[in-house]
Structure formats: C-alpha cells, structure tokens
Amino acid sequence: MQVGGVRILDHLTRTLADATGHLPLLIANAPDASTWRPDLQVIPDVIPGLGALGGLLTAVEAGPGPAMVVAWDMPFIPAGLLRELAAHRGDADVILPASPGPRGFEPMCAIYGPRCGPAIRAALARGQREAIAFHSEVKVGILSAERVAAFGDPAFLFFNVNTSDDLAEAERLWLRHGSSR
C-alpha cells in the first residue's frame with residue numbers, strides 16, 4: 001500500500017535505515033515477501049500463527065542485541081523518534097513511546113532487548129498472545145509523552161493502516177501533516 005505516493009514498506013525501510021545505519025529485517029510470513037523488497041532479509045515467524053507477539057518473538061530472537069520494531073502498517077514513524085527511543089533505553093528490556101492509545105504506549109514501535117525472548121515464550125506457554133503479555137516479566141521503560149510529541153502529534157505518528165478506510169484517512173493525514181516532512 002502507498003501513502004503519499006510511497007509504499008509504506010519503503011518509507012519504513014528508509015526510516016529504520018536512517019535510525020540504525022543498516023537495512024532492517026523484514027519479519028513476514030507471506031510466501032512472496034522476498035519479492036516486496038529484494039534488498040531485505042525476510043524472516044518468517046519462528047512460531048507461525050501467533051500474530052504480533054509471534055512477530056516480536058521472531059524479531060527479538062533474530063539477532064544478539066536489542067530489536068527496534070515497527071509494525072509495517074505505520075506510515076508516519078520518523079527516524080528521529082526511533083533514535084530517541086534507542087537513546088533512552090538505559091537498562092530497560094523494553095522501551096516504548098507514550099501514545100494516546102488505550103494502553104498509554106505503543107508496543108508496535110519500540111525496542112525489545114534479548115531478555116524479552118524468554119519472557120515472550122513464557123507468555124505464549126501460558127496461552128497469552130497479546131503484544132504486552134510478557135511486560136510484567138521484564139523491565140519496561142516509557143519514553144514520555146512530551147519527548148514523543150517533539151516529533152509530532154502521536155495520533156499521527158502512530159496511525160496504522162488496517163483497512164481501506166484507514167488507507168484513505170492516511171492519505172488525508174499525509175496531506176495535512178506529512179507532505180512537508
């Protein structure tokens with residue numbers, strides 16, 4: 001899908017590369033995922049069928065260090081916000097940005113450290129699949145709402161595209177907020 005004439009995947013690839021200095025991994029289960037961006041390494045979920053938590057587990061276990069994770073349906077995440085998350089991680093196992101969402105933070109734009117892997121596996125063993133099911137077992141840090149707001153309106157930054165109506169709204173938001181980025 002495209003927003004503002006750019007595929008969301010291309011925007012996020014550029015954003016993550018700008019934030020980290022290297023191309024990101026693409027965690028995807030679609031059989032044709034390797035054709036979406038041939039320059040990206042595609043890794044399927046280590047345990048298929050677990051939704052977002054399965055994707056987080058895969059990202060955490062894909063490398064030796066912390067995993068910077070962004071859901072591929074969030075077209076407006078800026079590299080500066082990701083760098084800010086990394087700078088404020090400290091000794092937290094998870095660093096999440098504050099958001100206006102129902103939880104008060106955004107779990108699909110965050111940094112997850114290696115200790116999250118065993119905690120995620122324990123949550124899955126208990127039958128829990130919510131993206132935050134393991135948070136009570138790790139040290140969680142929150143990037144303050146004020147720090148997040150320095151990068152824009154959180155409702156815009158964390159907007160995600162799940163439906164055709166969301167895609168139309170993303171285009172409207174892009175024209176209103178993002179086209180000058």
Side-chain angles (χ1 to χ4, degrees), residues 1-89 93-97 99 105-117 119-121 124 129 131-132 134 143 148 151-152 156-164 166-167 169-171 173-174 177-179 181:
M1 294 180 284
Q2 291 188 6
V3 174
V6 177
R7 285 189 318 168
I8 297 171
L9 179 60
D10 295 332
H11 166 72
L12 288 173
T13 297
R14 183 177 53 248
T15 297
L16 285 158
D18 287 350
T20 65
H22 56 82
L23 286 174
L25 299 174
L26 175 60
I27 310 297
N29 295 311
D32 65 340
S34 64
T35 67
W36 300 347
R37 284 281 311 233
D39 57 333
L40 299 181
Q41 179 183 356
V42 178
I43 300 175
D45 285 346
V46 294
I47 306 172
L50 299 178
L53 192 55
L56 291 179
L57 176 63
T58 303
V60 167
E61 292 185 349
M68 184 176 285
V69 174
V70 179
W72 69 277
D73 64 353
M74 295 178 142
F76 306 124
I77 300 294
L81 175 60
L82 298 177
R83 286 190 292 270
E84 188 77 5
L85 281 170
H88 284 81
R89 184 167 169 257
D93 298 309
V94 178
I95 182 77
L96 305 137
S99 81
F105 55 82
E106 179 49 62
M108 297 311 295
C109 175
I111 298 177
Y112 294 90
R115 288 189 33 174
C116 294
I120 292 171
R121 284 189 178 273
L124 291 170
R129 292 190 179 181
I132 63 167
F134 65 100
L143 185 66
V148 172
F151 298 94
F156 171 72
L157 297 175
F158 303 125
F159 185 83
N160 59 69
V161 178
N162 295 311
T163 67
S164 57
D166 292 342
L167 185 58
E169 179 62 16
E171 283 292 338
L173 288 168
W174 176 255
H177 299 283
S179 60
R181 293 172 46 158

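Contact between L57 and R121 at its shortest, heavy atoms only, is CD1-CG, 3.8 Å. Taking both residues in full, the closest heavy atoms of C116 and D93 are given as SG-O, 3.5 Å, listed atom of the first, atom of the second, then distance. Closest approach of R129 and G49 over heavy atoms only: NH1-O, 3.3 Å. Closest non-hydrogen pair, A52 versus A131, comes out as CB-CB, 4.5 Å. The nearest pair of heavy atoms linking S34 to V42 is CA-CG2, 3.8 Å. Here the closest heavy-atom approach between residue G113 and residue V60 is recorded as O-CG1, 3.7 Å.
Between Y112 and F134, the ring planes are tilted. Angles from 30° to 60° get that label. Classified by interplanar angle (parallel below 30°, tilted 30° to 60°, perpendicular above 60°), the ring pair F76/F159 is tilted.
Using a 4.5 Å heavy-atom cutoff, the side chains of L56 and M108 are in contact. For the pair L16 and M68, the minimum side-chain heavy-atom distance is below 4.5 Å. When side chains are defined from C-beta on, S99 does not count as touching L157, because their heavy atoms never get closer than 4.5 Å. Between M1 and D73, every side-chain heavy-atom pair lies at or beyond the 4.5 Å cut-off. Looking at heavy atoms from C-beta onward, P97 lies out of side-chain contact with F151 at the 4.5 angstrom threshold. Looking at T15 and V70, their side chains never come closer than 4.5 Å, going by heavy atoms from C-beta outward.
From L25, atom CG reaches atom OG1 of T13 across 10.5 Å, with rounding to the nearest 0.5 Å. E84 CD to L81 CG: the interatomic distance, rounded to the nearest 0.5 Å, is 7.5 Å. For the atom pair R7 CZ and R37 CZ, the distance stands at 6.5 Å (nearest 0.5 Å). Summarising the geometry, atom SG belonging to C109 is positioned 11.0 Å from atom CG belonging to N160; distances are rounded to the nearest 0.5 Å. We find the CD-CD1 distance between E61 and I47 to be 7.5 Å, quoted to the nearest 0.5 Å. Distance check: I8 CD1 to L167 CG gives 6.5 Å after rounding to the nearest 0.5 Å.
Side-chain atoms of R89 do not come within 3.5 Å of backbone N or O of P66 as any donor-acceptor pair. Without hydrogens or angle criteria, T58 side chain to V46 main chain gives a donor-acceptor distance under 3.5 Å. Between the side chain of R83 and the backbone N or O of D18 there is at least one donor-acceptor pair closer than 3.5 Å. Using modelled atom types, no side-chain atom of D10 and backbone atom of V6 make a donor-acceptor pair closer than 3.5 Å. In this structure a side-chain-to-backbone donor-acceptor pair under 3.5 Å is missing from Q41 to L26. When atom types are taken as modelled, the side chain of H11 and the backbone of I77 share a donor-acceptor pair closer than 3.5 angstrom.
With D45 as reference, I27 is the one residue of I27, L50, L53 to meet the side chain to side chain contact (heavy atoms under 4.5 Å, CB included) rule.
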